[in-house]
Amino acid sequence: MELTKLLGRFFWIFLSFLAISCQDDEVIDPGNEDGDGQEPDTEVVNLALGKTVETKVNDLNGQGSNPKMAGLITDGDSTTYWESADSYKHSILIDLGGVQEVSKIVVRWADGRGCNAYNINFGKERDKITNVVGKNNVKEDKISTFEGFREEARYVEFVVRGRLDYKGGYRIAEIEVYNENNEEHVNTPEEQKAIDTITERLRADYLNDDPDEKGVGSFMNSMQSDGSWSDIDYDDQISVDGWKPEGHLNRLRTMAINYSHPKSSFYNNPTLLEKIERGLLFFKQKAPVSSDNWYYNDIGAPQKYMVPVLLIKGSLPRKNMMAVSVYLKDKIEGFIGGGKNLSWIAEIAMHKGCAEDNYSTVQHSFNAIASTLAIVPKQGDEGIKIDGSYHQHHAQIQSGSYGMSLVDDISQFMEISAETPFANEFTSEKKEIFHTMLLDGTLLLSYRQAIDFGTRGRNVARPSTGYTTISKDVLRKLAVGDPDNAGMYNGWINHIEKGSAFPKPNVNKHFWKSDMMTQHGEEFYLSAKIISKRTYGTESLNQENLKAFNLPLGSTNIMTTGNEYNDIFPVWDWTRIPGTTAINNQDKTVLNGYQIGNNEFGGGASNNLDGIMAFSGEYNGLQANKAYFFIDNMMICMGSGISCHEGEEILTSVEQNFLNGMVVYNDGEEKQLDSDGDLQGKQLKWVHHNNTGYIFDQADNVTMRNNTQTGSWKEINGTGKSDLISKKVFSLWFNHGVNPIDESYRYIVVPGQSLSSFRTLVDQVDLQVAQNSSVVQAIRKNSKYGFVFYQKGSVTMDDDLKVSVDKPAIVLIEKNDSRYHITVSDPTYTQSDLTLSLNKKLEAVDGVTLTEEGCNVAIKLPTDDYQGSSITKSYMIK
């Protein structure tokens, strides 16, 4: 026995020597933490190894303390260290990934940068951390050891508050956490089964396709002894033209897929496994960083790293697996409320938990993903909104980009968690929020193979793969997981695949949280996107979406095929985005950063069948009032008060989409525009193109053009290809001239119409425009009335109906038999009530008071999360 013990101690001394002399940290140095000269008989388990660390300055104005290097505190490598800012008090918070018993902590200082006062705090929950150990008036510059306590904790906080005799910050090489039994929490059989199930499902997804063996042999042969490749620039920190270190991870992924795939000739190749491990250890130790985009550091690189780690699980000894998985961090707590970013972070944590068989970390990841299924009421916070839209990057609708990706993630993780305890994180309430977001949000922003370009953020500056809408695989999963709505999901799939009728037609939707309105028919889609103080209209980040300044300033989507705008953006004239009024100067289209609204008046009113959207604002020195009346599946567009003193020509774009078939117009007689036709300043009655008609009521300042437009992705995306692209484009716009003063326009869009049906319809449209001024825009179409009051005022319609309001408002009225159905909203999002007056007698109920002229109707407006939304009431005519 004594001989065995002696040999064991010799073995551990040998391992300690290796740990000190090696650069890699795959061997844990059990060390001589307390200086007693004794080596342990069994391997000591450092519970903090590879765990997530947060550092901060512990004062009122603390903004962080070298947080990017915090991971060096638990990387197991005593040759690297974290250095604090030059301040006396700092906090280091270690998340052990789950509740553990803790009875010993060792702090290893670097370069004599120790301290003379500190505290150690513990907590099972992040917001419930209490002090347990404290020391004052000590002098420890190499090792600090804490024993004599026994705590159950997930979070260990080390607070330093007194430097020794040196200038600058503290330097900590390692913080190690132990317990008396030298063991981590052991999974129950049920917990291990759940982890194994998730692991295998993730692996199956990566191994779903046949392996591509191309390059694997050369990657193995060209890898250097330290695990790197000579042709990869690991010091590259600029991601604008692609972050070079990603090439290393891409190769490791290919190698790992081939190692794990039974159909590969490299399957279970021991040499390949050794190369993969070596490559992972190199990347972990090198830890390349991007200085211009945090995404690569926190998400991009870990996402690529996690795949080979998971694929080789089971082929490496546990200590080797722990050594490579250290690079992956559970950073969930720092991203709570981060929407799609949180789901990416949680996915990384899930892979880490599976690789390390850490049940708590895997559960933490599913809990985080499920937490995104919540209504986020505060405007500016990211996530799902009460109106079904999705925001990311402040108060910006991103349903067609980040939101679409989040939908993919949630559906995937719901499927992966099925029949495991992790599925319990997706409660019935959370599933209901998910289904509502899809069917009352994403669906109503989509048409066939497209989703509204106004919801795609800077993604419009990236080439698509043909489909820009929701994945059909996601919809198939939802049809199974949400059987009550299976018919709707299947109808949505058929609409995408076969172009069948829209599954939720004749619906108008006002997204009051996002400044958008959509209108669906069976065979068409209409929308208008505006901006206000409450929203960010769009973004130009990472050199993407460079010409997007006008994108949220009243843009419209008019679709009958779903392909009208698919990848049109490189050849677009960005001064003529459909629906917008803008300066005809390419320099004025440039956007840097976010397009943040400055106008208070901007909103809509909807009764779910018809609606009105409007805003009044000044951008680039151009003032305009713009309104969109969605009535009877038409869009009546009106502009007023158009003024500019910049010495520039001002245009209002009606349409700019791909040329698709004949363009027929009527300027007194019916004609066809040539394939390269160009008509300027024409007096037109109507135009028809792509199953859509445009009625102009003899406007004499309309330009119509069929031409080939040329551009490149690089013009709108600094990292895009510079190859020139040429496409045939149909354009239609008003020219308001240079320095217009109080100019106006109006036109009607009638989608889903063949040429013959449109000819018949033109003469049957009963539309009366009562006023189109800077005070009020008012129309009547049959028995429906629409009003945009930019200030309090009155207007009398052609049938003598007089309507007045006591403050800015948007009003939609429909007369039906013996009743008035009145819909109102507050486009300033500031009022709690509205008084509307009519020269008609209504039954004196529900806020109605009779007057000598007619009646006043007092209406309580929606508040809190519903502020800016519509309220509809019905009143009996006396």
Side-chain angles (χ1 to χ4, degrees), residues 400 444-456 460 468-469 499 502 505-509 516-530 550-569 572-573 576-581 610-613 626-639 651-665 684 686-696 702 704-706 727-734 745-755 757-758 761-762 765:
L444 297 180
L445 292 161
S446 306
Y447 182 74
R448 294 191 178 176
Q449 298 177 8
I451 193 166
D452 197 303
F453 60 69
T455 71
R456 295 180 60 200
V460 297
T468 58
T469 192
F502 188 74
N506 304 318
V507 172
N508 178 275
K509 179 63 181 283
M516 282 196 70
M517 181 170 284
T518 66
Q519 182 82 42
H520 272 284
E522 290 188 1
E523 303 294 340
F524 70 84
Y525 172 91
L526 297 170
S527 77
K529 177 176 181 174
I530 65 167
N550 298 315
L551 195 57
L553 303 182
S555 62
T556 58
N557 271 227
I558 306 166
M559 293 189 284
T560 60
T561 68
N563 296 315
E564 282 80 359
Y565 311 105
N566 186 35
D567 284 352
I568 195 174
F569 311 109
W572 244 8
D573 183 331
R576 292 190 280 106
I577 298 172
T580 63
T581 299
D610 302 305
I612 306 168
M613 197 71 178
K626 295 175 69 67
Y628 308 82
F629 299 82
F630 297 85
I631 295 179
D632 290 343
N633 285 329
M634 299 180 182
M635 181 169 64
I636 300 105
C637 303
M638 297 173 62
L651 310 175
T652 293
S653 177
V654 176
E655 184 59 283
Q656 186 183 188
N657 63 12
F658 284 127
L659 181 64
N660 184 29
M662 294 189 304
V663 175
V664 178
Y665 65 97
L684 297 178
W686 56 260
V687 175
H688 184 273
H689 169 248
N690 191 38
N691 291 321
T692 301
Y694 308 85
I695 303 174
F696 292 98
V702 179
M704 179 170 48
R705 180 178 295 165
N706 289 340
K727 300 288 184 180
K728 293 288 285 187
V729 175
F730 165 72
S731 300
L732 193 59
W733 72 88
F734 292 92
Y745 67 83
R746 70 174 184 265
Y747 61 94
I748 305 172
V749 179
V750 190
Q753 298 287 326
S754 66
L755 178 58
S757 64
F758 178 66
L761 182 143
V762 168
V765 174

H689 side chain to G661 main-chain N or O, any donor-acceptor pair under 3.5 Å?
-> no
May I ask you to test the Y628-M517 pair for a side-chain heavy-atom distance under 4.5 Å?
-> no
Do W572 side-chain atoms and Q656 backbone N/O form a donor-acceptor pair below 3.5 Å?
-> yes
Stepwise, does the side chain to side chain donor-acceptor pair (under 3.5 Å) test hold for S527 with T518?
-> CA-CA 4 Å; S527 77; T518 66; over 6 Å; no
Distance-only, no hydrogens or angles: does the K626 side chain make a donor-acceptor pair with backbone N or O of G579 under 3.5 Å?
-> yes
Without hydrogens or angle criteria, can the side chains of T468 and R456 be said to hold a donor-acceptor pair below 3.5 Å?
-> no
Is a side-chain donor or acceptor of Y694 paired with a backbone partner of L732 at a separation under 3.5 angstrom?
-> no
Heavy-atom nearest pair, S446 first then T469, reads OG-OG1, 3.7 Å
What is the distance from atom CG of N506 to atom CD of E522, rounded to the nearest 0.5 Å?
-> 6.5 Å
Heavy-atom closest contact (P578 atom, E655 atom, distance) | CG-OE1, 3.5 Å
If you measure from CE on M613 to NZ on K529, what distance do you get to the nearest 0.5 Å?
-> 10.5 Å
Report yes if some heavy atom in the side chain of I558 is under 4.5 Å from a heavy atom in the side chain of E564; otherwise report no.
-> no
Start with the C-alpha distance between T581 and L553, add both sets of side-chain angles, then the distance that settles side-chain contact (heavy atoms from CB on, under 4.5 Å), and finish with yes or no.
-> CA-CA 8 Å; T581 299; L553 303 182; over 6 Å; no
Residue pair I695, M634: steps toward the side-chain contact (heavy atoms from CB on, under 4.5 Å) verdict | CA-CA 11 Å; I695 303 174; M634 299 180 182; over 6 Å; no
Between F758 and V687, which heavy-atom pair has the shortest distance, and what is it?
-> CE2-O, 3.8 Å
Would you say L445 and I451 make side-chain contact, with heavy atoms under 4.5 Å?
-> yes
How long is the gap from CD on Q753 to CD on E523, to the nearest 0.5 Å?
-> 11.5 Å
Backbone N or O of F502 within a donor-acceptor pair of the Y525 side chain at under 3.5 Å?
-> no
Grab the two heavy atoms, one from F569 and one from V460, that are nearest each other, plus how far apart they are.
-> CD1-O, 3.2 Å
Just by distance, do the side chain of S555 and the backbone of L551 share a donor-acceptor pair under 3.5 Å?
-> yes
Checking T560 side chain against N690 main chain: does a donor-acceptor pair fall under 3.5 Å?
-> yes
Student check: side-chain heavy atoms of F658 and I568 closer than 4.5 Å = yes
Please check if the side chain of Y565 supplies one atom and the backbone of N657 the other of a donor-acceptor pair under 3.5 Å.
-> no
Hey, are the side chains of F524 and N633 touching, using non-hydrogen atoms and a 4.5 Å cut-off?
-> yes
Heavy-atom closest pair, residues M704 and L684 = CE-CD1, 4.3 Å
So, the side chain of D452 versus the backbone of G454: is there a donor-acceptor pair under 3.5 Å, distance only?
-> yes
CG on L526 to OH on Y447, rounded to 0.5 Å | 10.0 Å
In Å and rounded to the nearest 0.5 Å, what is the CH2 to CG distance from W733 to L651?
-> 7.5 Å
Looking only at heavy atoms, the pair that brings R746 and F734 closest together is O-CZ, 3.8 Å
Supply the atom-to-atom distance N557 CG to M516 CE, rounded to the nearest 0.5 angstrom.
-> 6.5 Å
